[in-house]
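Here's the structure, in structure tokens; my notes come after.
All values below were derived from every heavy atom in this structure, side-chain atoms included, with hydrogens, water molecules and symmetry-related copies excluded.
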Amino acid sequence: MAHESLEPSAWVTRWAALVTRGRVLDIASGSGRHAGLFAARGLEVTAVDRDPQAIPGVRFVKADLEDGSPWPFAGQRFGAIVVTNYLHRPLFPLIPAALEEGGVLIYETFMLGNERYGKPSNPNFLLRPGELLEAFGALTVVAFEQGDTGKALVQRICVIRGDASRVRIPA
């Protein structure tokens with residue numbers, strides 16, 4: 001895992017305005033930079049990570065999503081799900097199922113080629129070109145990017161479950 005910034009991702013911040021209701025789930029939340037962003041906007045936020053965190057205004061669930069334990073949110077629906085700097089492909093089918101109608105998924109992580117910048121460099125933790133589109137393209141794609149930021153090779157997607165008529169390009 002690359003060093004985590006304390007500031008929210010510009011990608012998450014850009015699309016956060018689409019999240020106006022419902023509960024927010026921050027998967028592999030780390031220090032809680034995104035959970036805190038949504039909590040500060042008055043939304044109910046649940047953060048999940050294997051390392052315990054105290055994030056003001058956020059419900060925290062300690063869970064190792066990779067150890068074979070059951071998905072801790074079975075049967076639950078969220079107005080938004082945020083995932084950054086994390087890749088565990090077995091979660092791909094669980095994420096859309098956990099989005100309520102109109103729910104927003106904002107996902108950003110590293111892709112193949114990132115090894116030239118350091119970690120992660122293991123191909124198991126790097127997306128293949130277009131992989132987020134393959135995984136979540138059945139939802140309504142709002143935005144997708146992939147490529148070199150000058151600091152990392154990344155893929156980013158923002159999708160909505162259902163109608164995208166309320167989507168506007170952020171200024």
Side-chain angles (χ1 to χ4, degrees), residues 1-111 114 119-120 122 124-127 131-132 135-136 139 142-143 145 149 151-152 154-162 170:
M1 174 91 70
H3 175 70
E4 181 181 352
S5 167
L6 298 178
E7 292 297 315
S9 152
W11 183 255
V12 173
T13 302
R14 180 178 183 194
W15 299 108
L18 295 179
V19 182
T20 58
R21 60 174 177 73
R23 298 182 308 141
V24 176
L25 176 62
D26 186 354
I27 295 176
S29 61
S31 65
R33 64 189 175 133
H34 298 114
L37 171 75
F38 288 100
R41 295 179 67 232
L43 294 159
E44 182 184 338
V45 181
T46 299
V48 59
D49 201 283
R50 66 179 173 203
D51 299 320
Q53 300 287 335
I55 306 164
V58 173
R59 176 180 165 249
F60 184 81
V61 174
K62 182 182 181 315
D64 186 335
L65 300 174
E66 299 175 25
D67 71 358
S69 297
W71 172 241
F73 307 103
Q76 296 182 51
R77 300 289 179 268
F78 295 88
I81 297 175
V82 177
V83 188
T84 61
N85 299 346
Y86 181 73
L87 176 61
H88 184 57
R89 290 177 177 93
L91 295 181
F92 281 2
L94 301 174
I95 291 171
L99 272 180
E100 61 189 34
E101 187 64 23
V104 178
L105 168 64
I106 305 170
Y107 201 131
E108 175 181 35
T109 198
F110 304 98
M111 65 179 287
N114 190 69
K119 293 188 176 188
N122 180 333
N124 292 332
F125 303 111
L126 299 171
L127 293 163
E131 189 171 358
L132 287 180
F136 304 110
L139 300 171
V142 174
E145 295 179 352
T149 68
K151 297 178 184 177
V154 299
Q155 245 176 83
R156 307 166 171 149
I157 198 165
C158 177
V159 296
I160 293 178
R161 180 182 202 85

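Note that CG of D51 and OG of S29 are 9.0 Å apart. Values are rounded to the nearest 0.5 Å. To the nearest 0.5 angstrom, E44 atom CD is 8.0 Å from R59 atom CZ. For the atom pair CD1 of I157 and CD of E145, the computed distance is 11.0 Å after rounding to the nearest 0.5 Å. Once rounded to the nearest 0.5 Å, the distance linking CG of L126 with NZ of K119 reads 12.0 Å. Rounding to the nearest 0.5 Å gives a distance of 11.0 Å between CG of L127 and CD of E108. Rounding to the nearest 0.5 angstrom, the gap separating the CD1 atom in I160 from the CD atom in E101 is 10.0 Å.
Summarising the geometry of L87 relative to N124, their closest heavy-atom pair is CD2-O, 3.9 Å, with the distance given to 0.1 Å. Of all non-hydrogen atoms in I81 and I95, the two that sit nearest each other are CD1-O, 3.5 Å. Across all their heavy atoms, V83 and Y86 have their closest contact at CG1-O, 3.8 Å. Nearest heavy-atom pair across L132 and Q155 is N-OE1, 2.9 Å. Shown here for N114 and P120, the closest heavy-atom pair between the two residues is ND2-O, 3.1 Å. Taking both residues in full, the closest heavy atoms of A143 and W11 are given as CB-CH2, 3.6 Å, listed atom of the first, atom of the second, then distance.
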*Working for side chain to side chain contact (heavy atoms under 4.5 Å, CB included), residues W15 and V104*: CA-CA 9 Å; W15 299 108; V104 178; 5.6 Å; no
*Using the side chain to side chain contact (heavy atoms under 4.5 Å, CB included) rule, take F38 and V58 through it: C-alpha gap first, then chi angles, then the decisive distance, then the call.*
CA-CA 9 Å; F38 288 100; V58 173; over 6 Å; no
*Show the numbers, then the answer: is there a side chain to side chain contact (heavy atoms under 4.5 Å, CB included) between R33 and T84?*
CA-CA 10 Å; R33 64 189 175 133; T84 61; 3.5 Å; yes
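In terms of the ring pair (Phe, Tyr, Trp, His ring centres under 6.0 Å) criterion, F125 has no residue partners (sequence neighbours excluded). Under the rule for a ring pair (Phe, Tyr, Trp, His ring centres under 6.0 Å), the partners of F78 that lie at least two apart in sequence or sit in another chain are F73. F136 meets the ring pair (Phe, Tyr, Trp, His ring centres under 6.0 Å) test with F92, Y107; sequence neighbours excluded.
Here the side chain of D49 pairs a donor or acceptor atom with the backbone of G30 at under 3.5 angstrom. Without hydrogens or angle criteria, R41 side chain to G36 main chain gives no donor-acceptor distance under 3.5 Å. Under the 3.5 Å distance criterion, the side-chain polar atoms of T46 are left unmatched by any main-chain donor or acceptor of L25. Between the side chain of H34 and the backbone N or O of S9 there is at least one donor-acceptor pair closer than 3.5 Å. Distance alone, capped at 3.5 Å, places no donor-acceptor pair between the R161 side chain and the L139 backbone.
Applying the 6.0 Å contact sphere to CZ of R50 captures no more than 12 heavy atoms from other residues, nucleotides or ligands.
Within the 4.5 Å cutoff, the side chain of D64 has no heavy atoms near those of the S69 side chain.
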